[in-house]
Amino acid sequence: MPIIGTSCNRSSMIDPFGRHISYLRVSVTDRCDFRCVYCMAEDMTFLPKSEVLSLEELERLCTAFVRRGVKKLRMTGGEPLVRKNVMSLFRGLGRHLESGALEELTLTTNGSQLGKYAQELADIGVRRVNVSMDTLDRDKFRQLTRWGDLDQVMRGLDAAQRAGLAIKINAVALRGVNDMEFEELIRWSHGRGMDLVLIEVMPMGEIGEAARLDQYLPLSLARADIAKHFTLSETDYRTGGPARYFRVEETGGRLGFITPLTHNFCESCNRVRLTCTGTLYMCLGQEDAADLRAPLRASESDEILDRAITEAIARKPKGHDFIIDRRHTGPAVPRHMSVTGG
């Protein structure tokens with residue numbers, strides 16, 4: 001049996017399959033200023049504020065994981081930058097970068113608020129950000145996000161690059177929607193010195209009128225089509241996440257693929273996800289979860305919290321079971337990605 005860190009030491013967290021848990025993704029809010037068609041229903045019901053952890057509680061939880069060996073923290077949402085005073089959380093966690101306990105503090109954002117916060121993020125020690133953007137067409141962008149403004153996102157990208165932040169563009173591959181834009185997205189992102197990652201749509205949560213089977217595009221097909229226009233060379237580049245990266249010889253840039261359906265990445269999973277309510281999901285695609293809010297609030301000491309974390313990591317499953325086909329058109333799990341920390 002693997003040895004898992006306990007409350008009386010600072011041992012690394014090792015799950016039952018020998019994987020070292022070194023990466024925590026934290027949803028600081030389930031709220032967002034967009035309503036992307038593959039992520040949310042337009043009339044989303046959000047969590048009552050009373051159920052959401054305070055920023056101080058989130059900092060304490062993240063610090064407990066850093067103490068246990070987490071080296072990478074990613075703030076997500078919803079849209080993390082719409083949470084009031086969220087920069088106080090980034091500033092609090094930035095001290096772990098200064099001490100060397102944490103190797104990277106980063107975030108995934110829709111880019112809408114980067115114009116406001118990019119420089120402050122860079123000053124705190126954030127070095128790169130992921131920006132979710134699925135199309136360069138303004139009208140299509142509005143349709144996909146329902147409420148989003150592409151020009152505002154572009155201004156956010158400009159601000160982030162002025163601040164010296166490295167940017168990775170995340171685009172969800174949607175059949176019949178943006179699959180004809182991949183060549184343009186590659187040339188545009190690489191022309192600005194940004195990586196591009198394509199992601200298969202994931203069956204999480206009810207999303208209203210859009211049917212995921214109609215949205216779903218296997219990235220094996222997308223890669224084959226891209227290879228008609230570009231030369232893709234395999235690389236060993238990794239960022240700690242699940243993307244598999246290729247060098248596009250014609251542009252010199254990197255192109256990544258995240259394939260939770262056609263080729264899952266569970267064998268090397270080093271991640272757990274914490275929601276803004278203090279629920280820890282050991283696997284994106286499984287419903288088993290651990291409540292960390294109760295032990296967090298039970299004592300000012302972290303002993304009870306550490307024990308709860310140890311017990312949760314011991315339940316991390318081998319992998320997820322995402323399927324999308326004509327027999328499996330509904331969500332694999334009922335919660336939306338925005339709740340889990342996408």
Side-chain angles (χ1 to χ4, degrees), residues 23 25 34 36 38-39 72 74-77 79-80 104 106-111 114 126-136 141 144-145 153 156-157 160-161 165-175 177-202 204 215-227 229-266 268-271 273 284 322 337 340-342:
Y23 181 4
R25 300 176 66 108
F34 291 0
C36 295
Y38 51 78
C39 180
K72 178 176 178 178
R74 178 176 295 280
M75 302 294 108
T76 72
E79 169 48 48
E104 184 173 39
T106 186
L107 74 152
T108 294
T109 173
N110 63 27
L114 274 179
V126 174
R127 293 292 171 256
R128 64 188 184 95
V129 298
N130 290 359
V131 179
S132 301
M133 199 173 80
D134 306 317
T135 179
L136 296 172
F141 185 87
L144 284 173
T145 62
V153 173
L157 293 175
Q161 291 194 310
L165 297 174
I167 299 171
K168 181 176 75 176
I169 300 296
N170 286 341
V172 175
L174 301 167
R175 182 191 295 273
V177 177
N178 65 352
D179 48 347
M180 69 294 294
E181 292 187 63
F182 294 159
E183 181 179 355
E184 183 183 8
L185 279 166
I186 290 169
R187 295 190 187 281
W188 169 77
S189 57
H190 291 179
R192 292 190 56 151
M194 303 183 297
D195 292 348
L196 174 67
V197 173
L198 300 179
I199 306 171
E200 286 177 339
V201 65
M202 300 185 200
M204 299 185 66
Q215 295 177 342
Y216 172 52
L217 174 67
L219 286 186
S220 55
L221 298 181
R223 180 180 158 190
D225 187 62
I226 290 169
H229 307 279
F230 298 103
T231 306
L232 304 182
S233 301
E234 289 199 50
T235 74
D236 58 3
Y237 176 75
R238 294 291 184 271
T239 62
R244 180 183 180 191
Y245 285 91
F246 294 80
R247 175 181 168 86
V248 179
E249 297 298 337
E250 289 79 1
T251 66
R254 282 188 292 256
L255 174 64
F257 296 91
I258 296 180
T259 54
L261 289 110
T262 55
H263 180 267
N264 78 46
F265 34 76
C266 302
S268 60
C269 182
N270 62 343
R271 298 169 295 286
R273 286 172 164 83
L284 177 65
F322 285 157
M337 180 69 90
T340 309

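Every heavy atom of this structure was used, including side-chain atoms; hydrogens, water molecules and symmetry mates were not.
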Worksheet item: Looking only at heavy atoms, what is the nearest atom pair of Arg271 and Pro242, with distance?
Response: NH2-CB, 3.8 Å
Discussion item. I'd like to check Leu255 versus Phe230 (side-chain heavy atoms, cut-off strictly below 4.5 Å). Are they in contact?
Written reply: no
Worksheet item: Looking at CG of Leu196 and OG1 of Thr251, how far apart are the two atoms once the value is rounded to the nearest 0.5 Å?
Response: 9.5 Å
Worksheet item: Is the side chain of Glu181 donor-acceptor paired with the backbone N or O of Leu136 at a distance under 3.5 Å, no angle test?
Response: yes
Practice prompt. Show your working on side-chain contact (heavy atoms from CB on, under 4.5 Å) between Thr108 and Val129 and close with a plain yes or no.
Written response: CA-CA 6 Å; Thr108 294; Val129 298; over 6 Å; no
Worksheet item: To the nearest 0.5 Å, how far apart are CZ in Phe182 and CG in Leu198?
Response: 5.0 Å
Worksheet item: Between Arg74 and Glu104, does at least one N-O distance fall below 4.0 Å, as a salt bridge requires?
Response: no
Discussion item. Quick check on side chain to side chain contact (heavy atoms under 4.5 Å, CB included): which of Thr239, Asp195, Leu107 does Arg128 satisfy it with?
Written reply: Thr239
Practice prompt. Starting at NE2 of His190, measure out to CG of Leu185 and round the result to the nearest 0.5 Å.
Written response: 10.0 Å
Worksheet entry | For the student: nearest non-hydrogen atoms of Ile169 and Ser189, plus distance | CG1-CB, 4.4 Å
Item to complete: Ignoring hydrogens and angles, tell me if any N or O in the side chain of Thr135 forms a donor-acceptor pair with the backbone of Phe141 under 3.5 Å.
Response: no
Worksheet item: Does the side chain of Leu174 reach to within under 4.5 Å of the side chain of Leu144, using non-hydrogen atoms?
Response: yes
Item to complete: Check Phe257 against Val197 and note the closest heavy-atom contact, atom names and distance.
Response: N-CG1, 4.4 Å
Discussion item. Tell me whether Gln161 contacts the main-chain N or O of Arg192 through its side chain, where contact means a donor paired with an acceptor under 3.5 Å.
Written reply: yes
Worksheet, complete the sentence: Rounded to the nearest 0.5 angstrom, the CD-NE2 distance for Glu184 and His229 is 12.5 Å
Worksheet item: Do Leu217 and Val177 pass the side-chain contact (heavy atoms from CB on, under 4.5 Å) test, and can you show the C-alpha distance, the side-chain angles, and the key distance before you say yes or no?
Response: CA-CA 10 Å; Leu217 174 67; Val177 177; over 6 Å; no
Discussion item. Please check this pair: side chain of Asp179 against backbone of Ala222, looking for a donor-acceptor N/O pair closer than 3.5 Å.
Written reply: no
Worksheet entry | Any Arg175 side-chain heavy atom under 4.5 Å of Pro218 side chain | yes
Worksheet item: What distance do Asn130 atom CG and Thr76 atom OG1 have between them, rounded to the nearest 0.5 Å?
Response: 10.5 Å
Fill in: Pairing residues for Thr109 by the side chain to side chain donor-acceptor pair (under 3.5 Å) criterion, not counting sequence neighbours
Glu79
Discussion item. Can you give me the closest heavy-atom contact between Ala243 and Arg238, atom names plus distance?
Written reply: O-CD, 4.0 Å
Worksheet item: Run the side-chain contact (heavy atoms from CB on, under 4.5 Å) check on Arg244 and Arg223 step by step: do they pass?
Response: CA-CA 12 Å; Arg244 180 183 180 191; Arg223 180 180 158 190; 3.9 Å; yes
Worksheet item: Would you find a donor on one side and an acceptor on the other, under 3.5 Å apart, between the side chain of Thr145 and the backbone of Phe34?
Response: no
Item to complete: Output, in order, the C-alpha distance, side-chain angles, deciding distance and verdict of side-chain contact (heavy atoms from CB on, under 4.5 Å) for Glu200 and Tyr216.
Response: CA-CA 7 Å; Glu200 286 177 339; Tyr216 172 52; 4.0 Å; yes
Fill in: Distance in Å, Asp225 CG paired with Leu219 CG, rounded so as to fall on 0.5 Å steps
12.0 Å
